[in-house]
Chemist: 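Okay, here's the structure, questions in a sec.
To find a chain, count down the sequence lines: A is the first, B the second, and so on, and within it residues start at 1. The structure presented is a predicted model; accordingly, all values stated were derived computationally and were not measured.
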Amino acid sequence: MLNNSAEPQNLNELLARAAQIAGLTLGELAAKARIKVPPNFKREKGWTGQLLELSLGASAGSKSQQDFAHLGIELKTIPIDLNGRPLETTYVCYAHLTQIAGIEWHNCNVKNKLKQVLWVPIDGRREITPCDRIIATPFLWSPSIVQDQQLRQDWEELMELIALGKIEKITARHGQYLQLRPKAANGQVLTDAIGPGGNIIQTRPRGFYLRKEFTHAILCEAFN
DNA sequence: AGTTGATCATGA
DNA sequence: TCATGATCAACT
């Protein structure tokens, strides 16, 4: 998907653009971008996120940093139901499983990614065809002191297990707000990780995800 | 293979 | 019914 939209030069420009797409369907926004909407997301799972990047002028190709790096803002679409509840967990970033010495909460990818997020809630009910799904009101969010602490606690617990070579003991049930789950093209993909004896083992790549409970709280305070 | 964008689909 | 574990696509 090509990025033919100019980057917003400042925060107001970005927020103004975001406000303008509220209420549109994905079909209407796709028409503006001159791209086709898939009948479902069985194959193009990240299509909505890419449409929004394109429409809001996110800097494409800039990996491992925020979508709007010059503004320090990350863009996240989030599928919701009629009650405004999240339908899916939210991917944050890839989890490094080796060479984690020196990585602390204050300088980790999770904290950096979530410093400022432009959330774009979208009616994601599966009974509605992607073309007709309506974009709700986008809003800017930064973690509160409490939220930062919640994420930090889970992150530190997970990272400690990883550092102790217990990656294979970690399941998605760990962490109250932040969880670790497989993140790869398929189950055959392997990457290095720390083994039980401090040796290097092969395991499935993992990613950090925000639980629905956490994002629901974010949505609630935004629309209370 | 790594990392981004995520949702799918099956077992519990 | 729903979360976990698996998977899909693009790009590097």
Side-chain angles (χ1 to χ4, degrees), chain A residues 1-5 26 29-30 33 35-69 73-83 85-100 108-110 112-114 117-131 133 135 154 158 167-193 200-216:
Chain A
M1 206 175 282
L2 292 172
N3 185 341
N4 56 16
S5 183
L26 292 181
L29 190 58
I35 59 175
K36 289 184 178 178
V37 188
N40 58 61
F41 295 139
K42 287 182 182 179
R43 303 194 70 81
E44 297 172 75
K45 297 180 178 180
W47 185 87
T48 306
Q50 292 171 345
L51 172 64
L52 267 293
E53 286 182 342
L54 182 62
S55 301
L56 296 178
S59 43
S62 57
K63 305 295 185 184
S64 279
Q65 57 175 341
Q66 286 102 342
D67 296 293
F68 301 96
I73 295 174
E74 173 74 9
L75 176 66
K76 290 260 170 242
T77 61
I78 182 166
I80 58 171
D81 65 14
L82 279 182
N83 300 316
R85 297 194 60 98
L87 288 169
E88 297 286 350
T89 54
T90 301
Y91 172 68
V92 180
C93 63
Y94 189 83
H96 291 277
L97 305 180
T98 59
Q99 288 161 3
I100 53 181
C108 79
N109 288 163
V110 175
N112 183 54
K113 279 272 181 180
L114 299 178
V117 178
L118 178 61
W119 293 98
V120 183
I122 299 171
D123 187 341
R125 288 175 293 157
R126 289 200 199 179
E127 57 265 37
I128 300 178
T129 187
C131 190
R133 295 184 189 179
I135 301 168
D154 288 339
L158 290 166
I167 181 67
E168 299 292 14
K169 302 285 186 192
I170 301 176
T171 73
R173 294 164 188 81
H174 285 81
Q176 197 174 348
Y177 304 102
L178 188 70
Q179 61 180 177
L180 196 70
R181 308 217 305 272
K183 173 68 168 152
N186 59 64
Q188 279 60 252
V189 177
L190 295 174
T191 192
D192 285 354
I200 296 298
I201 61 170
Q202 295 294 110
T203 191
R204 305 190 315 295
R206 314 297 164 93
F208 285 106
Y209 293 78
L210 298 177
R211 287 187 182 279
K212 292 182 192 178
E213 182 186 350
F214 189 82
T215 49
H216 183 228

Chemist: Ignoring the backbone of A/Tyr91, work out which of C/dT4, B/dA6, B/dA9 is nearest its side chain.
Modeler: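 The answer is B/dA6, which lies nearest to the side chain.
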
Chemist: Is there a residue in residues 180-190 of chain A whose heavy atoms reach under 4.0 Å of DNA chain C, and which residues are they?
Modeler: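 Correct list: A/Arg181, A/Pro182, A/Lys183, A/Ala184, A/Ala185, A/Asn186, A/Gly187.
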
Chemist: Using the salt bridge (Lys or Arg N to Asp or Glu O under 4.0 Å) criterion, which residues pair with A/Arg85? Sequence neighbours excluded.
Modeler: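 Not a single residue meets the salt bridge (Lys or Arg N to Asp or Glu O under 4.0 Å) criterion with A/Arg85.
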
Chemist: Between the base of B/dT7 and the side chain of A/Lys42, is there a donor and acceptor pair under 3.5 angstrom?
Modeler: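 Checked by distance alone, the answer is no.
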
Chemist: Please determine, for the side chain of A/Gln179, which listed nucleotide (B/dC8, C/dA6, C/dT4) has the closest atom?
Modeler: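 The answer is C/dT4, which lies nearest to the side chain.
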
Chemist: Please round to the nearest 0.5 Å and tell me the distance separating atom CG of A/Leu180 and atom CZ of A/Phe208.
Modeler: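 That separation rounds to 5.5 Å.
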
Chemist: Touch check for A/Pro205, heavy atoms < 4.0 angstrom, all strands: base, sugar-phosphate only, or nothing?
Modeler: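 No contact.
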
Chemist: Rounded to the nearest angstrom, tell me the gap between atom CZ in A/Arg204 and atom C1' in C/dC8.
Modeler: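 Rounded to whole Å, this separation is 17 Å.
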
Chemist: Contact between A/Asp67 and A/Leu56 at the side-chain level, heavy atoms closer than 4.5 Å - yes or no?
Modeler: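 The answer is no; the side chains never approach within 4.5 Å.
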
Chemist: Could you state the atom-to-atom distance from CG of A/Leu87 to C1' of B/dA9 in whole Å?
Modeler: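 Between C1' of B/dA9 and CG of A/Leu87: 15 Å.
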
Chemist: May I have the distance from A/Leu158 (atom CG) to C/dT4 (atom P), rounded to whole angstrom?
Modeler: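 In whole Å, C/dT4 P lies 12 Å from A/Leu158 CG.
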
Chemist: Around atom CD of A/Gln202, are there more than 12 heavy atoms of other residues, nucleotides or ligands at under 6.0 Å?
Modeler: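 More than 12 heavy atoms, drawn from other residues, nucleotides or ligands, come within 6.0 Å of this atom.
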
Chemist: For a quick test of reading the model: is some side-chain N or O of A/Thr48 closer than 4.0 Å to OP1 or OP2 of B/dT7?
Modeler: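 No.
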
Chemist: Think A/Thr77 has a side-chain N or O under 4.0 angstrom from the OP1 or OP2 of B/dG5?
Modeler: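 Negative; the distance criterion is not met.
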
Chemist: Does any N or O in the side chain of A/Gln66 come within less than 3.5 Å of the main-chain N or O of A/Asn112, such that one atom is a donor and the other an acceptor?
Modeler: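 Yes, because the side chain of A/Gln66 sits within donor-acceptor range (under 3.5 Å) of the backbone of A/Asn112.
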
Chemist: Report which part of the nucleic acid A/Gly46 touches: base, sugar-phosphate, or nothing (heavy-atom distance under 4.0 Å, all strands).
Modeler: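 Touches a base.
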
Chemist: Of the nucleotides C/dG5, C/dA3, B/dA9, which has the atom closest to the A/Ala172 side chain?
Modeler: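 Closest nucleotide to the A/Ala172 side chain: C/dG5.
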
Chemist: Provide, to the nearest angstrom, the distance between the CD atom belonging to A/Glu88 and the C1' atom belonging to C/dT7.
Modeler: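 Rounded to the whole Å, the gap is 12 Å.
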
Chemist: To the nearest Å, how far apart are A/Lys212 NZ and B/dA6 C1'?
Modeler: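 To the nearest whole Å, that distance equals 14 Å.
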
Chemist: For A/Arg43 and B/dA6, is the shortest distance between a side-chain N/O and OP1 or OP2 below 4.0 Å?
Modeler: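 It does not, given that no N or O in the side chain of A/Arg43 lies less than 4.0 Å from OP1 or OP2 of B/dA6.
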
Chemist: By nearest heavy atom, map A/Asp192 and A/Asn40 onto DNA chain B; which one lands nearer the 5' end?
Modeler: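 Taking each residue's closest nucleotide, the earlier one in sequence belongs to A/Asp192.
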
Chemist: Applying a 4.0 Å non-hydrogen cut-off, can you work out what A/Thr89 is touching in the nucleic acid: base, sugar-phosphate, or nothing?
Modeler: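 Touches a base.
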
Chemist: For the pair made of CH2 in A/Trp119 and C1' in B/dG5, what is the distance, rounded to whole Å?
Modeler: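 Interatomic distance, CH2 of A/Trp119 to C1' of B/dG5: 14 Å.
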
Chemist: Can you name the salt bridge (Lys or Arg N to Asp or Glu O under 4.0 Å) partners of A/Lys212, sequence neighbours left out?
Modeler: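 Testing A/Lys212 for salt bridge (Lys or Arg N to Asp or Glu O under 4.0 Å), a comparison that skips the adjacent residues, returns none.
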
Chemist: Tell me: CG of A/Leu52 to C1' of B/dG5, nearest whole Å?
Modeler: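 Distance, rounded to whole Å: 11 Å.
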
Chemist: Is the backbone of A/Cys93 close enough, under 3.5 Å, to the side chain of A/Lys183 for a donor and an acceptor to pair up by distance?
Modeler: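 A pair under 3.5 Å: no.
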
Chemist: Atom CG of A/Leu97 and atom P of B/dA1: how far apart are they, to the nearest Å?
Modeler: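 Atom-to-atom, A/Leu97 to B/dA1, this comes out as 15 Å.
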
Chemist: Could you tell me whether the phosphate oxygens of B/dT4, OP1 or OP2, come under 4.0 Å of any side-chain nitrogen or oxygen in A/Tyr94?
Modeler: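 No, A/Tyr94 has no side-chain N/O under 4.0 Å of OP1/OP2 on B/dT4.
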
Chemist: When you check the side-chain N and O atoms of A/Arg181 and A/Thr89, is any donor under 3.5 Å from an acceptor?
Modeler: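 Per modelled atom types, A/Arg181 and A/Thr89 side chains form a pair under 3.5 Å.
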
Chemist: Heavy atoms from C-beta onward define the side chain here; which of C/dG5, B/dG5, B/dT7 lies closest to that of A/Tyr209?
Modeler: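 Nearest to the side chain of A/Tyr209 among the choices is B/dT7.
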
Chemist: Just call it for A/His96: base, sugar-phosphate, or nothing, with non-hydrogen atoms closer than 4.0 Å on any strand.
Modeler: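 The residue A/His96 makes sugar-phosphate contact but no base contact.
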
